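Working notes, beginning with the structure itself.
All chains are named by letter (A, B, ...) in the order of the sequence lines, taking the proteins before the strands, and each is independently numbered beginning at 1. The figures that follow rest on heavy atoms only: side chains count, while hydrogens, waters and symmetry mates do not. What you see is a predicted model, and the numbers here were worked out from it, not measured in a lab.
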Amino acid sequence: MKIEACFLTFLTKPHGVSVGVRVVRSQEYKNTDQFPSPLEEAATMMMIRTNSLLHHAFFKLTGILITNSLTTTPLSSSRLGLESTLLASLLHSTSFSNNDDPPLSRYQKVSSLDDAFNLFDEMIQRKPLPSVIKFNQLLSALTKLNHFSCSLDLFKQMCAIGVPVDKYSMSIAIKCCCQMSRTNDGFALLASCFRRAVVPDVFVFNTLLDGLVIENRIAEAERLFKKLIKQKICEPNVVTYSTMIKGLCKFGNNDIAIGLLRLMDERGCKLNVVAYNIIIDSLCKDKMIEDAFKLFNEMVFAKGIQPDVITYTSLIYGLCNLCRWDEVSKLLKEMEEDLRISPDVKTFSILADAFCKEGRVDEAEAVIDIMVERGEVPNIVTYSSLVDGYCLRGEMTKARTLFDSLTSKGLVPTVITYNSLLNGYCKSLKIEEAMHMFHEITRKGLKPDIVSYSTMLQGLFRVGRCGAARKLFDEMRSQGLIPDEYTYGVILDGLCNNRQVEEALSLFHLVGDSKLNSDIVVYTILIEGAGKCGKLDIAKTLFHDLTVKGLQPDVRTYAVMISGLCGKGLVEEAKQLFLKMDESGCPPNNATYNVLLQGYLKKKKYDDVEKLLQEMDGRSYSLDASASALLIDRIAAGSLYRSLLKLISRLMPKELMETPS
DNA sequence: TTCGATTGTC
């Protein structure tokens, strides 16, 4: 008997385990009776080896597969105990794979562009031509490797040589267009469907809808979505709804997205975990974690839909973002121990990144060690987080060593990886090193993005090279990159710090971009810059403009304004503004207190100093470096009552207490 | 039920 491959399906039941075994035999032995018991035993052993977690295993003995005969053999748990050494040897002599995919044809197996082109050339020379299915399999494989452009080229050749392309070919070709942000070309292909007598189905429309979402053409996406329904072009399915939901979330319309989820439910479209995941993730990214959990609970308990690793990863990301570490570990425990869902590369990367952003690089390294132990392979994103972690701590040697080792790990740094290094070098004032890396981006065939440019601009301004910054800014625009609020913030801040407030102000007015002119962060930068340069009139005007524009100053805006006032000795005015914060619904924070405190100290308003210190103590706030220095100075000069010492020592930051200098 | 569509990391 020639058994060449067998499929196993494991079903875990409350009272035991039953194993469904599907044996695939070669065609010629189609009708043979029993399947051999050593194989059955081997199957059992395999299941034990894989810890019963594997629901589906593909057990390959030798060579090629074929056919189907299904036998279901319930196994008693006693038979799960293995005694036979024979079985062990059988297992050792065979290899098995956890891959539960059916064997792939050579058209689906292409692993490189060369493979694909060679195969294609061979195919089109055959007479008769292979079936369109074979061509589609090839296109699909290329698309899965993200070679959209090449896949599209082959599609065009297929059309040219007369392969009768069908709806599958069309949907793959349209997908390629859409993924390359060429959705209009996708619609052109849709038009050609009608010429070819191919009736586009819901798959094609879903792809096009997603293309519009990818290109941020949300209004058009909505129009298409409604048109499909109204004109009964096709019945939207769960993917259509989910794609539309994704688009709504992308534009910050979480509520409408949830509304659409309700609508699909009402219309009898079965909800699934993907639809929920999209909204849960969006809520997490928008820091609306409570709403995310509400939806999560609804999904699990009301709808009985099982969450998956993506659901948990989104929630963990949201919690990390809010530094809610206790809940992060609770959730990790829940997914692993209760639901047997293993964190994967992305989950681990998020954890490592969160530690890096907290400055806890050691712990990030430990996370990566754990993931490696668990058989997950860290990818470029994982290591980029670590590079960034080193850079944030100014550990540039470590950052560079890790970065340089990436290539030997077979990983290709992205622009984001480079941006971390640029940032690290700039913050360490190693502008030449930063410039060198900046040029390397292009040398490696990558394109610097607005973050790269903004980071370099910030570095150049910081070392006072305003001319070079100007040149780089022009270069950035000549590359077709549109500066965003962040870029402008960097430039305005840079100009102000180089005592060019008027220049900054005129740039601010010159741009006249609505987004820039109504960004509280940009305003705050300008107000701070003006204040620092002693141009209080400008700062006041800008601050006043805010109310005119209906913009709400945030806690930082107040702080820079208070600081500006204090800098000019207008402590009373600063105090009034400080008092106004609470009633404006923007209560002062630790930083605000420190700013005002310095103003009082400089003005020798010691009664106010004492009152403020008491308040800070009541709120468990602490002194920052400059306020502490000023306080110590005043105590040394004998200006402050020594009775305040105890209070002050309570408010001293820990770092300062530990390293007396 | 052997070719197509939706979700998470720097």
Q: For F355(A), check ring-ring contact (aromatic ring centres under 6.0 Å, His included) against everything at least two apart and list the hits.
A: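 If we apply the ring-ring contact (aromatic ring centres under 6.0 Å, His included) test to F355(A), skipping adjacent residues, there are no hits.
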
Q.
Going by the rule ring-ring contact (aromatic ring centres under 6.0 Å, His included), which residues pair with Y390(A) if we only count those two or more places apart in sequence or in a different chain?
A.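 Applying ring-ring contact (aromatic ring centres under 6.0 Å, His included) to Y390(A) gives none.
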
**Q.** Under-4.0 Å salt bridge between R126(A) and E122(A)
**A.**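 Yes.
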
Q: Tell me which residues in residues 406-422 of chain A put a heavy atom below 4.0 Å from DNA chain B, sorted by number, or none.
A: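 Those residues whose heavy atoms fall under 4.0 Å from DNA chain B, taken from residues 406-422 of chain A in numerical order, are T414(A), I416(A).
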
Q) Taking atom types as modelled, is there a side-chain donor on E215(A) or S181(A) under 3.5 Å from an acceptor on the other? A)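 Checked: E215(A)/S181(A) side chains show no N/O donor-acceptor pair below 3.5 Å.
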
From [atom1] of [X] over to [atom2] of [N], roughly how many Å is that when rounded to an integer?
X       : N       : atom1 : atom2 : answer
L392(A) : dC10(B) : CG    : C1'   : 11 Å
F348(A) : dC10(B) : CZ    : P     : 17 Å
L446(A) : dC10(B) : CG    : P     : 18 Å

Q | Expected output: side-chain S314(A) to main-chain I310(A) donor-acceptor under 3.5 Å | A |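 Between the backbone of I310(A) and the side chain of S314(A) there is a qualifying donor-acceptor contact (under 3.5 Å).
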
Q.
Closer than 3.5 angstrom, by distance alone: can the side chain of K250(A) be matched with the main-chain N or O of I214(A) as a donor-acceptor pair?
A.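 The answer is yes, because a donor-acceptor pair under 3.5 Å joins these two groups.
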
Q) Does dC3(B) have OP1 or OP2 sitting under 4.0 Å from an N or O in the side chain of Q108(A)? A)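 Yes.
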
(Q) Within the 4.0 Å limit for protein heavy atoms, which parts of nucleotides 4-9 of chain B are touched? Write it as a string from 5' to 3', B for base, S for sugar-phosphate only, - for none. (A) BBBBBB

Q.
According to side-chain contact (heavy atoms from CB on, under 4.5 Å), who are the partners of T143(A), at least two apart in sequence or on a separate chain?
A.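 By the side-chain contact (heavy atoms from CB on, under 4.5 Å) rule, T143(A) matches F148(A), S151(A), I172(A), K175(A), C176(A).
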
**Q.** All pairs passing salt bridge (charged side-chain N to carboxylate O under 4.0 Å, His left out) where residues 349-369 of chain A contributes a residue, at least two apart
**A.**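 The answer is D353(A)-K357(A), R360(A)-E363(A).
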
